Amino acid sequence: MRSMFIDCSRLILTNPIQLNYGVAVTDLDGDGRFEIVVAGFGYPNLILKWDGENLRDVATMELADSLRQAIGVAAADIDGDGQEELYILNSDTFAGRKQFGDRLMDLTDDNWIDLFALPGNRPQSNMTSGRSVIAVDRKGEGYYGFYVANYGGPIRLYELDDDGRLRDMAGQARVNLRTGGRSAVALPLVTEHMDIFAGNEGGPNYLFRNVGGVFEEIGADYGVDDPFNHARGVTVVDNEETGEFALVYGNWEGHHRLFVRDADGRFVDAAPPEMAEPSRVRTVIAADFDNDGCEEVFFNNIGQPNRLFARRDGGWAAVDIGDALEPYGLGTGGAVGDFDEDGHLELLIAHGESAMQPLTLYRARPNPNHWLRVMPLTPFGAPARGAVVQLDAGGRTQRRAIDAGSGYLCQMEPVAHFGLGQAPQIDRVQVRWLDGKVKTIDSPKPDSLLRVEYPGIRWF
């Protein structure tokens, strides 16, 4: 079998050698095309946009923000205006209190405004060192908050109140625990609403079950607390055997996990030895890079070769990663997206921490496989992060959750990407929103991007 990835880093026109961390994919300018946000740690944040031939930096001075130390990034529509805002998590200390607060950037009248800098919001600033930030719509209404995995301080959950002011709602939502927060992922995992899995260091992981917009921590009850390891990147994969999502996460120099649900609903570790083998793991990403209809799982390591796993003969096996091996790469973050809009995913990897390195960009080797991309929208027209998309084709069912934040410090594109292999006929696509609303599209056209409006919404 041929190796998976080929190096396309030459397509990044703006690629300074600097310390980079988290990566997020969002449509910042509202033109219907995605940008890649790269967190610069003591260096400018980069906003990379495809210009038809290359990726070039289009960051404004406000977004570049070169005087702070950005580490985690995520986007979501916090105010219901149909446009995603951008949360930039800064961490100038390892743990505890930090010097510079976070940014929450809102595009208003073509100008970027930091909502934390507004007088009424300043007392809410997060002054605790953190790692990851993700989007959470705990009530399923299309209004998102930002969950901040702090390290050595309480978890934050920032939402807008009825007066449009930022408030930390972590206490009301019952997630304001103090821990060594590292990573998080949010989706309907154990309920039909937005649950949260939080990977922690120096203590147990958390699994927050959503009960009417308030969370119950059930990690130990469901078997995912893993208290003697130090979590890093986390993602979910489609477990076709059960019709549910499985958790995949890496432990720093510890055994990595593939948690699947058993008959009693608990999670049990099903990682094969090759996948479980300890490493200096950072970001973990699941995506169908080769459009064969099955997701691959990518482990990004720092100072060690990266790994790639694929479904083979009913199980997971290591496959030839190709150019993305990066044996001397100092990986800190990464994200996937179809940046050039050709129906094939690209993988962008950020590097840094112990030394400055440029970004790298990879594509899967060309193949004739077909695909479909599905982008559900909220009632306000923003990406419906956390919605679940199901595709039926060729006698199989595939499932994807629209990413609200995952990997480690990162957030993927808000699209359900499905490979179709050599059989392009699609029976149906079903989208389930976080409030339980469902829409079914019969026989959608393959090799296309399908934007799915919230039921009952008509845009004029």
Side-chain angles (χ1 to χ4, degrees), residues 2-12 23-27 31-36 48-55 235 237-238 285-298 308 310-311 319 321-324 334-349 361-377 383-385 387-394 396-403 411-431 441-452:
R2 297 191 305 169
S3 61
M4 180 68 72
F5 290 111
I6 55 175
D7 189 351
C8 298
S9 303
R10 67 185 184 284
L11 300 177
I12 309 174
V23 182
V25 183
T26 178
D27 178 9
D31 69 348
R33 305 181 68 185
F34 294 134
E35 288 81 44
I36 311 166
L48 301 179
K49 191 177 185 70
W50 183 255
D51 66 4
E53 296 182 351
N54 301 282
L55 289 169
T235 188
V237 293
D238 178 14
I285 296 172
D288 187 355
F289 291 105
D290 57 5
N291 286 343
D292 68 348
C294 296
E295 293 172 290
E296 289 82 43
V297 175
F298 170 74
L308 186 69
R311 297 282 288 184
V319 295
I321 197 171
D323 291 345
V336 296
D338 182 13
F339 308 129
D340 57 6
E341 299 179 351
D342 67 349
H344 299 267
L345 296 174
E346 288 84 44
L347 169 65
L348 185 134
I349 303 175
L361 181 70
Y362 300 97
R363 288 174 171 162
R365 293 189 179 278
N367 63 60
N369 290 340
H370 297 276
W371 49 273
L372 180 73
R373 292 168 56 75
V374 183
M375 184 175 177
L377 304 175
R385 294 187 184 270
V388 175
V389 184
Q390 177 176 303
L391 178 143
D392 295 307
R396 293 180 55 225
T397 297
Q398 299 185 54
R399 294 171 184 83
R400 304 284 187 270
I402 304 301
D403 192 72
Q411 187 185 56
M412 311 300 132
E413 61 172 358
V415 175
H417 180 96
F418 297 97
L420 301 174
Q422 296 296 298
Q425 183 65 39
I426 304 168
D427 298 325
R428 69 190 62 83
V429 165
Q430 183 187 84
V431 178
I441 300 94
D442 292 322
S443 304
K445 180 183 177 182
D447 302 330
S448 64
L449 171 63
L450 180 63
R451 296 178 185 268
V452 184

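Predicted model only: the values in this text are computed from it and were never measured.
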Nearest heavy-atom contact between Pro414 and Met375 is O-CG, 3.6 Å

Going through the distances and angles, do Asp447 and Lys445 end up as a side-chain contact (heavy atoms from CB on, under 4.5 Å)?
-> CA-CA 7 Å; Asp447 302 330; Lys445 180 183 177 182; over 6 Å; no

Passes side-chain contact (heavy atoms from CB on, under 4.5 Å), Phe298 versus Leu347? Steps please.
-> CA-CA 10 Å; Phe298 170 74; Leu347 169 65; 4.0 Å; yes

Aromatic contact, Phe289 with Phe5 (centres under 6.0 Å) | yes

Could you walk me through whether Asn291 and His344 pass side-chain contact (heavy atoms from CB on, under 4.5 Å), step by step?
-> CA-CA 7 Å; Asn291 286 343; His344 299 267; 3.3 Å; yes

Does the side chain of Asp288 reach to within under 4.5 Å of the side chain of Glu296, using non-hydrogen atoms?
-> yes

Check whether any side-chain N or O of Arg396 sits under 3.5 Å from a backbone N or O of Gly293 as a donor-acceptor pair, and report yes or no.
-> yes

Atom pair OG1/CG of Thr235 and Asp403 - distance to nearest 0.5 Å | 6.5 Å

So among Asp31, Asn54, Leu55, which one has a side-chain contact (heavy atoms from CB on, under 4.5 Å) with Lys49?
-> Asp31

Tell me yes or no: between the side chains of Asp338 and His417, is some donor less than 3.5 Å from an acceptor?
-> no

Asp238 and Arg399 have their tightest heavy-atom pair at OD2-N, 2.9 Å

Does any donor atom in the side chain of Gln422 or Asn369 lie under 3.5 Å from an acceptor atom in the other side chain?
-> yes

Between Asp427 and Gly394, what is the shortest heavy-atom contact and its length?
-> OD2-N, 4.3 Å

Side-chain donor-acceptor pair under 3.5 Å between Ser3 and Arg365, yes or no?
-> yes

State, to 0.1 Å, how close Asp392 and Gln390 come at their nearest heavy-atom pair, and which atoms those are.
-> OD2-NE2, 3.5 Å

Is the backbone N or O of Gly419 less than 3.5 Å from a side-chain atom of Gln398, with the two atoms forming a donor-acceptor pair by type?
-> yes

Separation between CG of Leu372 and CG of Leu449, rounded to the nearest 0.5 Å = 8.0 Å

Per side-chain contact (heavy atoms from CB on, under 4.5 Å), Val431 is matched among Leu450, Leu377, Ile402, Val452 by Val452

Is there a side-chain contact between Asp290 and Met4, using heavy atoms and a 4.5 Å cut-off?
-> yes

Partners meeting side chain to side chain contact (heavy atoms under 4.5 Å, CB included) with Cys8 (sequence neighbours left out) = Ile6, Arg10, Leu11, Leu361, Arg363

Specify the closest pair of heavy atoms between Pro444 and Val429, including all atoms of both residues, with the distance to one decimal.
-> CG-CG2, 3.8 Å

Gap between atom CD1 of Ile321 and atom CG of Leu308 - 0.5 Å precision = 5.0 Å

Measure the spacing between CD of Glu413 and CD of Glu35 and express it to the nearest 0.5 Å.
-> 12.5 Å

Step by step, work out the salt bridge (charged side-chain N to carboxylate O under 4.0 Å, His left out) result for Arg373 and Glu341.
-> CA-CA 10 Å; Arg373 292 168 56 75; Glu341 299 179 351; over 6 Å; no

Might you work through the salt bridge (charged side-chain N to carboxylate O under 4.0 Å, His left out) test for Glu295 and Arg400, ending with a clear yes or no?
-> CA-CA 10 Å; Glu295 293 172 290; Arg400 304 284 187 270; 3.8 Å; yes

Considering non-hydrogen atoms only, spot the tightest contact between Phe339 and Glu346 and give its length.
-> N-OE1, 2.8 Å

Indicate yes or no: at least one non-hydrogen side-chain atom of Thr26 is less than 4.5 angstrom from one of Phe34.
-> no

Kindly indicate, with the supporting measurements, whether the criterion side-chain contact (heavy atoms from CB on, under 4.5 Å) is fulfilled by Asp27 and Arg33.
-> CA-CA 6 Å; Asp27 178 9; Arg33 305 181 68 185; 5.6 Å; no

Below 4.5 Å, heavy atoms only, C-beta onward: do Ile426 and Arg428 meet side chain to side chain?
-> no

